[in-house]
Q: 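Sharing a structure, written as structure tokens. Questions coming.
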Amino acid sequence: PILKHMTVHKFIRYMEKQYSFLRLRKTPHGSLRYKEMQDLVTEYRDYLDMCRRMGYDMKNSFVLYPKDLQKSHDKTARRMKHKKDAEIKRGFTAVYKQLAGQLDFERDGFKIVYPSTPDDVIAEGHVLHHCVGSYTERVAEKECIILFLRKCSDKTKPFYMVEVRGQKAAQVQGKGNCDMTPEVEAFITAWEQRVLSTRHLAAAA
């Protein structure tokens, strides 16, 4: 893929020049970042791919041959992550704006709560010790919906996470991925019957 943008001669010359000083560059953990030339080549390929996806001018020598490949690679990766995070946040917000009020349910001391931002989901995952934080992109792409099940006596304290797909609760997990208690299971069953089964959830694939 690299040779789509340059000749073999320019590629080799650039790699040799970069490797002459980057071969001593270390990671934050103290190990060598580029143990072999192939490590640098792989990172260069990744860098060019990110530039292409970011819409950079792939004929511009400033883009193709940065003075410090490692610094340019990391800076581009940060920009790409920022752009992706912004896209996820927009998609995430749109999903819950569309769902506003549709999935409300309260019974037997439990209540369904909506996350406001992707950060809410990530924070919930940290407290409950599971990977729900990685689901924010799936929500933004309308693959599923993530909701929180809370006790009415403490609506701000994480209790259970609920993943909705279609008109079913696909996953309901508490701290450490623990299963539902009988009380929680009764609540979810009633919620599915009275709310989920009667709604057309356009936001969930």
Side-chain angles (χ1 to χ4, degrees), residues 1 46-56 76-152 154-181 183-205:
D46 292 343
Y47 163 75
L48 292 176
D49 184 57
M50 287 191 293
C51 290
R52 178 185 59 79
R53 287 189 281 165
M54 289 288 286
Y56 293 173
T76 304
R78 288 192 297 270
R79 288 175 177 170
M80 192 166 181
K81 183 180 184 303
H82 180 74
K83 180 181 178 181
K84 185 175 182 179
D85 288 347
E87 291 173 349
I88 289 174
K89 186 174 182 178
R90 283 195 297 271
F92 186 97
T93 301
V95 165
Y96 289 97
K97 184 177 181 180
Q98 182 180 357
L99 284 173
Q102 290 188 40
L103 304 181
D104 292 353
F105 193 61
E106 184 173 336
R107 170 180 163 159
D108 299 332
F110 299 126
K111 179 181 178 66
I112 292 295
V113 174
Y114 300 71
S116 298
T117 68
D119 287 343
D120 290 345
V121 177
I122 293 170
E124 193 87 355
H126 289 167
V127 174
L128 296 179
H129 299 168
H130 53 59
C131 62
V132 65
S134 65
Y135 282 50
T136 55
E137 187 171 357
R138 300 179 193 179
V139 172
E141 294 177 354
K142 300 183 178 181
E143 292 181 16
C144 66
I145 299 165
I146 297 298
L147 298 165
F148 305 148
L149 171 60
R150 300 277 172 81
K151 292 180 179 180
C152 295
D154 193 351
K155 298 176 185 177
T156 62
K157 183 179 179 180
F159 184 48
Y160 273 79
M161 179 279 295
V162 182
E163 178 192 356
V164 177
R165 287 182 179 268
Q167 295 175 308
K168 295 288 292 182
Q171 289 190 76
V172 183
Q173 296 178 333
K175 192 166 186 176
N177 294 321
C178 70
D179 293 332
M180 292 182 282
T181 64
E183 295 79 10
V184 168
E185 188 171 5
F187 174 89
I188 293 296
T189 298
W191 180 55
E192 286 180 327
Q193 293 173 349
R194 299 186 185 185
V195 178
L196 294 186
S197 65
T198 63
R199 294 290 194 274
H200 174 62
L201 302 181

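Position 1 is the first residue of the sequence, and the numbers go up from there.
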Q: Partners of Phe187 by ring pair (Phe, Tyr, Trp, His ring centres under 6.0 Å), sequence neighbours excluded?
A: Phe105, Phe110
Q: For a side-chain contact (heavy atoms from CB on, under 4.5 Å) check, start with the C-alpha distance between Leu128 and Gln173, then their side-chain angles and the critical distance, and finish with the verdict.
A: CA-CA 9 Å; Leu128 296 179; Gln173 296 178 333; over 6 Å; no
Q: So, do Tyr56 and Thr76 sit near enough that their side-chain heavy atoms are less than 4.5 Å apart?
A: yes
Q: Please check if any side-chain donor atom of Gln102 sits under 3.5 Å from a side-chain acceptor atom of Tyr96, or the reverse.
A: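 Side-chain D/A pair, Gln102 to Tyr96: absent.
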Q: Are any of the side-chain heavy atoms of Lys151 and Lys157 separated by less than 4.5 Å?
A: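 Contact flag for Lys151/Lys157 side chains = no.
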Q: Check the pair Leu147, Val113 against side-chain contact (heavy atoms from CB on, under 4.5 Å), reporting the backbone distance first and the verdict last.
A: CA-CA 6 Å; Leu147 298 165; Val113 174; over 6 Å; no
Q: If you measure from CD1 on Ile88 to CZ on Arg138, what distance do you get to the nearest 0.5 Å?
A: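 That separation rounds to 11.5 Å.
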Q: Starting from the C-alpha separation in whole Å, work towards a yes-or-no answer on side-chain contact (heavy atoms from CB on, under 4.5 Å) for Ile146 and Val162.
A: CA-CA 6 Å; Ile146 297 298; Val162 182; over 6 Å; no
Q: For Arg53 and Asp49, what are the C-alpha separation, side-chain angles and deciding distance, and is it a salt bridge (charged side-chain N to carboxylate O under 4.0 Å, His left out)?
A: CA-CA 6 Å; Arg53 287 189 281 165; Asp49 184 57; 3.1 Å; yes
Q: Grab the two heavy atoms, one from His130 and one from Asn177, that are nearest each other, plus how far apart they are.
A: CB-OD1, 2.9 Å
Q: Thr198 and Gln193: which non-hydrogen atoms are nearest, and at how many Å?
A: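 Shortest heavy-atom separation between Thr198 and Gln193 comes out as CG2-O, 4.1 Å.
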Q: Considering only heavy atoms from C-beta outward, does the side chain of Leu196 approach that of Lys168 to under 4.5 Å?
A: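 No - every pair of side-chain heavy atoms lies 4.5 Å or more apart.
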Q: Atom CD of Glu183 and atom CD of Glu185: how far apart are they, to the nearest 0.5 Å?
A: 10.0 Å
Q: What distance do Lys175 atom NZ and Met161 atom CE have between them, rounded to the nearest 0.5 Å?
A: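 The NZ atom of Lys175 sits 15.0 Å away from the CE atom of Met161.
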Q: Could you grab the distance from atom CZ of Arg107 to atom SG of Cys152, nearest 0.5 Å is fine?
A: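 So the CZ of Arg107 and the SG of Cys152 are separated by 12.5 Å.
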Q: Would you confirm whether Glu163, through its side chain, and Val172, through its main-chain N or O, come within 3.5 Å as a donor-acceptor pair?
A: no
Q: Does Thr136 reach the main-chain N or O of Pro118 with its side chain, forming a donor-acceptor pair under 3.5 Å?
A: no
Q: Around Asp179, counting heavy atoms of other residues, nucleotides and ligands shown, do more than 12 lie under 6.0 Å from its CG?
A: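 It does not: Asp179 CG has 12 such atoms or fewer within range.
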Q: Between Tyr114 (side chain only) and Asp104 (backbone N and O only), is there a donor and an acceptor less than 3.5 Å apart?
A: yes
Q: Within the 4.5 Å heavy-atom criterion, are Lys84 and Lys89 side-chain neighbours or not?
A: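 With C-beta onward as the side chain, the pair stays apart.
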Q: Lys83 and Arg78: side-chain contact (heavy atoms from CB on, under 4.5 Å), yes or no, with the steps?
A: CA-CA 9 Å; Lys83 180 181 178 181; Arg78 288 192 297 270; over 6 Å; no
Q: Give a yes or no answer on whether the side chain of Thr93 reaches the backbone of Arg90 with a donor-acceptor pair at less than 3.5 Å.
A: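 No, because the side chain of Thr93 does not come within donor-acceptor range (under 3.5 Å) of the backbone of Arg90.
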Q: Could you check whether any side-chain heavy atom of Glu87 comes within less than 4.5 Å of a side-chain heavy atom of Phe92, counting everything from C-beta outward?
A: no
Q: Within the 4.5 Å heavy-atom criterion, are Val139 and Ile145 side-chain neighbours or not?
A: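 SC-SC contact between Val139 and Ile145 ruled out.
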Q: To the nearest 0.5 Å, how far apart are NZ in Lys111 and CZ in Phe148?
A: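 It is 14.0 Å, given to the nearest 0.5 Å.
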Q: Using only atom types and a distance under 3.5 Å, with no angle test, would you say the side chain of Asp120 pairs donor to acceptor with the backbone of Thr117?
A: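 Such a contact is found between Asp120 side chain and Thr117 backbone.
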Q: How long is the gap from CG on Asp46 to SG on Cys51, to the nearest 0.5 Å?
A: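 Atom-to-atom, Asp46:CG and Cys51:SG are 11.0 Å apart.
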Q: Between Trp191 (side chain only) and Ala186 (backbone N and O only), is there a donor and an acceptor less than 3.5 Å apart?
A: no
Q: Hey, are the side chains of Glu143 and Arg165 touching, using non-hydrogen atoms and a 4.5 Å cut-off?
A: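 Glu143 reaches Arg165 side chain to side chain.
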Q: Can any side-chain N or O of Arg150 pair as donor or acceptor with the backbone N or O of Ile112 at less than 3.5 Å?
A: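 Between the backbone of Ile112 and the side chain of Arg150 there is no qualifying donor-acceptor contact (under 3.5 Å).
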